[in-house]
Amino acid sequence: LVAAESSHSLLHRDHDHPSLSTAHVPDFKLTRHVLEHDELLPFEPDTFDMVLSSMSMHWINDLPGVLSQINSVLKPDCPFIGAMLGGDTLYELRTSLQLAEQERKGGISPHVSPLADVRDVGGLLQRTGFKMLTVDVEDIVVDYPDMFALMQDLQAMGESNAVLGREMGPIGRDVLLAGDAIYRALHGNEDGSIPATFRIIHMIGWKESPDQAKPLRRGSGQASLKDLLEGQ
């Protein structure tokens with residue numbers, strides 16, 4: 001098992017966890033690899049039986065390039081399984097801050113990084129050589145007492161705004177207060193809390209192999225699904 005991450009502290013945060021002890025799993029071996037760059041995978045082609053990515057690919061600028069590298073390091077007929085933030089994630093926060101800035105400053109600055117849509121992900125997986133694709137979406141809605149608690153939580157998660165074209169410096173107090181009021185007016189819950197939507201895009205793609213199962217040619221089916229369902 002190889003764990004790869006560009007952050008040394010994040011990569012080694014659980015190095016003393018009891019579950020990773022060889023006393024519990026004698027044959028278990030974990031190698032930790034600090035990446036010099038998030039978008040460069042220093043592994044030989046056809047190396048891994050599976051590649052997993054959990055909630056980090058939304059930080060990747062060159063997503064097609066990274067997916068191509070993942071496809072390369074996989075062995076034939078082996079899967080890539082990933083989950084990333086995308087689509088309408090934090091749309092409540094984005095719209096509220098945009099309206100507040102438009103009202104108070106006469107213009108807007110990006111406060112949330114651009115995110116891939118589920119349709120983009122399916123197309124990218126296909127374009128980078130993956131087969132037998134599965135892409136699904138899960139919306140997780142978390143309630144917060146106010147917009148400031150949400151922004152504090154995002155900062156603690158390491159998900160602060162890192163867009164290069166953003167306005168530098170803190171957001172003005174008047175914009176924040178207006179944003180919180182707009183958030184409550186447009187999206188607030190009846191109990192006074194505010195919802196924050198996190199859209200998780202789940203994906204599975206398999207590296208192509210000559211002996212891999214392939215879908216039948218369209219129209220070659222011998223049974224009607226409609227007839228089967230009506231007969232139940």
Side-chain angles (χ1 to χ4, degrees), residues 3-7 9-11 13-14 38-39 51-64 66-67 70 79-102 108-125 130 133-167 170-171 175-205:
E5 167 64 48
S6 59
S7 168
S9 58
L10 185 61
L11 184 64
R13 71 191 185 283
D14 58 355
D38 283 332
E39 300 181 2
V51 173
L52 303 175
S53 175
S54 179
M55 304 300 290
S56 62
M57 294 187 71
H58 60 281
W59 283 110
I60 299 296
N61 289 312
D62 182 16
L63 197 53
V66 170
L67 288 173
I70 292 174
F80 162 63
I81 302 175
M84 62 182 286
L85 291 173
D88 289 332
T89 292
L90 297 176
Y91 75 90
E92 305 98 337
L93 178 63
R94 282 188 282 179
T95 55
S96 300
L97 286 176
Q98 287 172 356
L99 290 171
E101 280 194 321
Q102 186 67 43
I108 62 175
S109 175
H111 293 288
V112 179
S113 301
L115 298 170
D117 189 75
V118 61
R119 291 168 294 185
D120 302 326
V121 171
L124 287 174
L125 287 170
F130 288 98
L133 308 181
T134 302
V135 181
D136 201 1
V137 173
E138 176 185 13
D139 283 346
I140 299 176
V141 180
V142 183
D143 291 336
Y144 289 89
D146 51 47
M147 189 183 76
F148 307 102
L150 166 58
M151 296 176 74
Q152 186 177 22
D153 202 17
L154 291 173
Q155 187 176 30
M157 292 163 59
E159 297 292 346
S160 299
N161 182 16
V163 178
L164 292 176
R166 71 188 186 280
E167 182 180 359
I171 305 174
V175 174
L176 289 173
L177 291 173
D180 185 58
I182 293 171
Y183 204 131
R184 293 181 184 279
L186 293 181
H187 310 291
N189 298 319
E190 292 183 359
D191 62 0
S193 64
I194 60 168
T197 300
F198 296 87
R199 173 159 291 185
I200 314 299
I201 301 177
H202 301 273
M203 67 199 84
I204 302 175

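Just so we're clear, the structure is a prediction, and the values are computed from it rather than from any experiment.
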ring-ring contact (aromatic ring centres under 6.0 Å, His included) against F148, all qualifying residues, sequence neighbours excluded: none
With H187 via ring-ring contact (aromatic ring centres under 6.0 Å, His included) - residues at least two apart: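 For H187 the ring-ring contact (aromatic ring centres under 6.0 Å, His included) partners, ignoring immediate neighbours, are Y91, Y183.
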Flag side-chain contact, heavy atom, 4.5 Å: L125 against L67: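 A side-chain contact under 4.5 Å exists here.
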Any L186 side-chain heavy atom under 4.5 Å of E92 side chain: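 Contact flag for L186/E92 side chains = no.
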Set of residues satisfying salt bridge (charged side-chain N to carboxylate O under 4.0 Å, His left out) with respect to D38, sequence neighbours excluded: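 For D38, no residue satisfies salt bridge (charged side-chain N to carboxylate O under 4.0 Å, His left out) once neighbours in sequence are set aside.
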Main-chain N/O of G86 paired to T89 side chain as donor or acceptor, under 3.5 Å: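 Here the side-chain-to-backbone pair exists.
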Donor-acceptor contact below 3.5 Å, side chain E39 vs main chain N61: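 Pair found, side chain donor or acceptor close to backbone of N61.
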Under the side chain to side chain donor-acceptor pair (under 3.5 Å) test, which residues partner [X], sequence neighbours left out?
X: D62; answer: none
X: D143; answer: N189
X: D139; answer: R199
X: R184; answer: D180

Only counting residues at least two apart or in another chain, list the ones meeting side-chain contact (heavy atoms from CB on, under 4.5 Å) with [X].
X: S7; answer: E5, S9, L10
X: V51; answer: F48, I70, V73, L74, F80
X: A3; answer: L11, L30

Pairs under 3.5 angstrom only: tabulate donor-acceptor contacts from the side chains of residues 150-157 to other protein residues two or more places apart or in another chain.
unit_1, atom_1, unit_2, atom_2, d
D153, OD2, Y144, OH, 2.5

Verdict with reasoning, H202 to T134, per side chain to side chain contact (heavy atoms under 4.5 Å, CB included): CA-CA 8 Å; H202 301 273; T134 302; over 6 Å; no
